[in-house]
Amino acid sequence: MTAIRHDWTQEEILNIYNTPLFDLIYRAQQIHREFNVPNEIQVSSLVSIKTGGCVEDCGYCPQAARYNTGVEVHKLMTLNQVLEVADKAKTGGASRLCMGAAWREVRDNSDFERVLEMVKGVNEKGMEVCCTLGMITEEQAQKLADAGLYAYNHNIDTSEDNYKKIITTRTYDDRLNTINNVRKAKVSVCSGGIIGLGETVEDRVKMLQTLSSMEKHPESVPINALVPVAGTPLENQPLVPIWDMIRMIATTRIVMPTTMVRLSAGRTQMSLEGQALCFLAGANSIFAGEKLLTTPNPDFNEDMEMFKLFGLTPGKAFKKEKEVTELAEENAPKNYA
Ligand code: SAM
Ligand code: DTB
Ligand code: SF4
């Protein structure tokens, strides 16, 4: 049985990343099958509940107010609008709805109260609810948990060094702090990053080291390929080669065996063959639905066609990835502190 490790060194992770491609995919697939249900892909759908006008300066983001990206600013959606979106997502085959807000942080105001109502309402529909609302305190995390929140997404995006080049309005520690607050409230952690920001392979490796050395691995790790958006500082970044995506996913799978590895933004730029290799490399989750937050994504029908073609099935809600992780960690030989 493969051990769940929290002490991967940068050198080890770099060596994995640089393994000959087929050896890398083979090892990732073996580990994938040891800890996860083969051919089952978890499907999440995204909804931007509050769009644009964000005060932060994240260099990749079309929703930052300071860049002219043409994204229309929308105030917080109503509860009913969100419930309608949830129904559509469920019909489309999604087991989780992820609600995103272009906020720097959550404030204790009527908007937050409304988000709590949304969490409650979507949860009552039998869907897992995820939120990504920017920085939150421990108390806010607890309120979200009490309302029925299943997971909270808060990406570390890249390495600590590279982070400073991409975002100046908050620090890496701010990010880690929010992740800790989510953990304390016993909400499932979803945290990953973006490749294609102009980072080095070492930056990618350092990001994976930060995630894999957490006391508990995030239950889900989204790997986004940058969607370059006109008007953002990163608009001219070349598209991520599919080989980098495959290597990144395989490496993530190997260092965090029980984690849900999400093939996230950038799928419209990928061929079906490319996506197939990402699944073979251990990705077991996607965002489905025609839009991510503000940019296009394959629609539900297209993805269901792909599932049919590959013989994949969408995962059921509340499969308790938390428990799976805990069980696997209990059963695995301990070689970490
Ligand atoms: N404002 C909150 C925050 O920053 O945590 C939540 C929403 S934010 C848009 C969620 C994540 O989307 C970011 O952390 C980033 O990793 C990802 N993202 C944003 N723009 C992207 C782009 N153009 N391409 C790929 N991923 C992107
Ligand atoms: C994540 O890692 N990727 C999603 C979700 N978590 C919130 C967001 C991708 C956003 C891509 C750019 C956009 O559509 O605005
Ligand atoms: Fe704001 Fe989040 Fe976009 Fe950064 S990534 S500008 S915090 S919406």
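Whatever order the structure lists them in is the order used to number ligands and atoms, beginning at 1. Residue indices begin at 1 and follow the sequence shown. All values below come from the heavy atoms of this structure, side chains included, with hydrogens, waters and symmetry mates left out. Model, not experiment: these values are computed from the prediction.
Counting only heavy atoms from C-beta outward, the side chains of Leu97 and Cys130 never approach each other to under 4.5 Å. Put simply, the side chain of Ile286 reaches to within 4.5 Å of the side chain of Phe279, judged on heavy atoms. Side-chain contact check for Asn153 versus Cys131: every heavy-atom pair is 4.5 Å or farther apart.
Classification of Lys75 and Asp111 as a salt-bridged pair fails, no side-chain N sitting under 4.0 Å from a carboxylate O. Taking the charged nitrogens against the carboxylate oxygens, Arg183 and Glu219 do have a contact shorter than 4.0 Å, which makes a salt bridge. A salt bridge links Arg204 with Glu199: the closest approach of a Lys/Arg side-chain nitrogen to an acidic carboxylate oxygen falls below 4.0 angstrom.
Contacts with ligand 3 closer than 4.0 Å are made by no heavy atom of Lys50, backbone or side chain.
Judged by the 6.0 Å distance and 45° axis criteria, Arg96 is not positioned over the aromatic ring of Tyr150.
The distance from atom CE of Met304 to atom CD of Glu302, rounded to the nearest 0.5 Å, is 11.0 Å. Taking CD1 from Ile49 and CE from Met118, the interatomic distance works out to 5.0 Å, rounded to the nearest 0.5 Å.
For ligand 3, the atoms closer than 4.0 angstrom to any heavy atom of Tyr60 are 5 (S).
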Report task. In sequence, state the C-alpha distance, the side-chain angles, and the governing distance for Glu56 and Thr169, and then conclude on side chain to side chain donor-acceptor pair (under 3.5 Å). Result -> CA-CA 6 Å; Glu56 300 272 47; Thr169 48; 2.5 Å; yes
Report task. Mind running side-chain contact (heavy atoms from CB on, under 4.5 Å) on Val43 and Phe307 for me, showing each step along the way? Result -> CA-CA 11 Å; Val43 180; Phe307 275 36; 3.8 Å; yes
Requested in this report: Would you sort out whether Lys143 and Leu116 count as a side-chain contact (heavy atoms from CB on, under 4.5 Å), showing the intermediate values?
Outcome: CA-CA 8 Å; Lys143 282 191 183 163; Leu116 294 173; 4.2 Å; yes
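Within 4.0 Å of ligand 2, protein heavy atoms belong to Leu46, Pro62, Thr132, Asn153, Asn155, Pro222, Asn224, Phe287, Leu292, Leu293, Thr294, Thr295, listed by chain and number.
More than 12 heavy atoms of other residues, nucleotides or ligands shown are found within 6.0 angstrom of CD on Gln81.
Regarding atom 7 (S) of ligand 3, its nearest protein heavy-atom neighbour is Arg170 NH1, 3.2 Å.
Residue-and-atom listing of protein N/O/S atoms under 2.8 Å from atom 1 (Fe) of ligand 3, sorted by chain and number: Cys54 SG.
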If you look at each N/O of ligand 1, which protein N/O atoms lie under 3.5 Å away, and at what distance?
from	atom 1	to	atom 2	distance (Å)
ligand 1	1 (N)	Ala101	O	3.3
ligand 1	1 (N)	Trp103	O	3.2
ligand 1	5 (O)	Arg175	NH1	3.4
ligand 1	5 (O)	Arg175	NH2	2.8
ligand 1	16 (O)	Asn155	ND2	2.9
ligand 1	16 (O)	Asp157	OD1	2.7
ligand 1	23 (N)	Tyr60	O	3.1
ligand 1	23 (N)	Val227	O	2.9
ligand 1	24 (N)	Val227	N	3.0

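For Arg114, there are no side chain to side chain donor-acceptor pair (under 3.5 Å) partners, not counting sequence neighbours.
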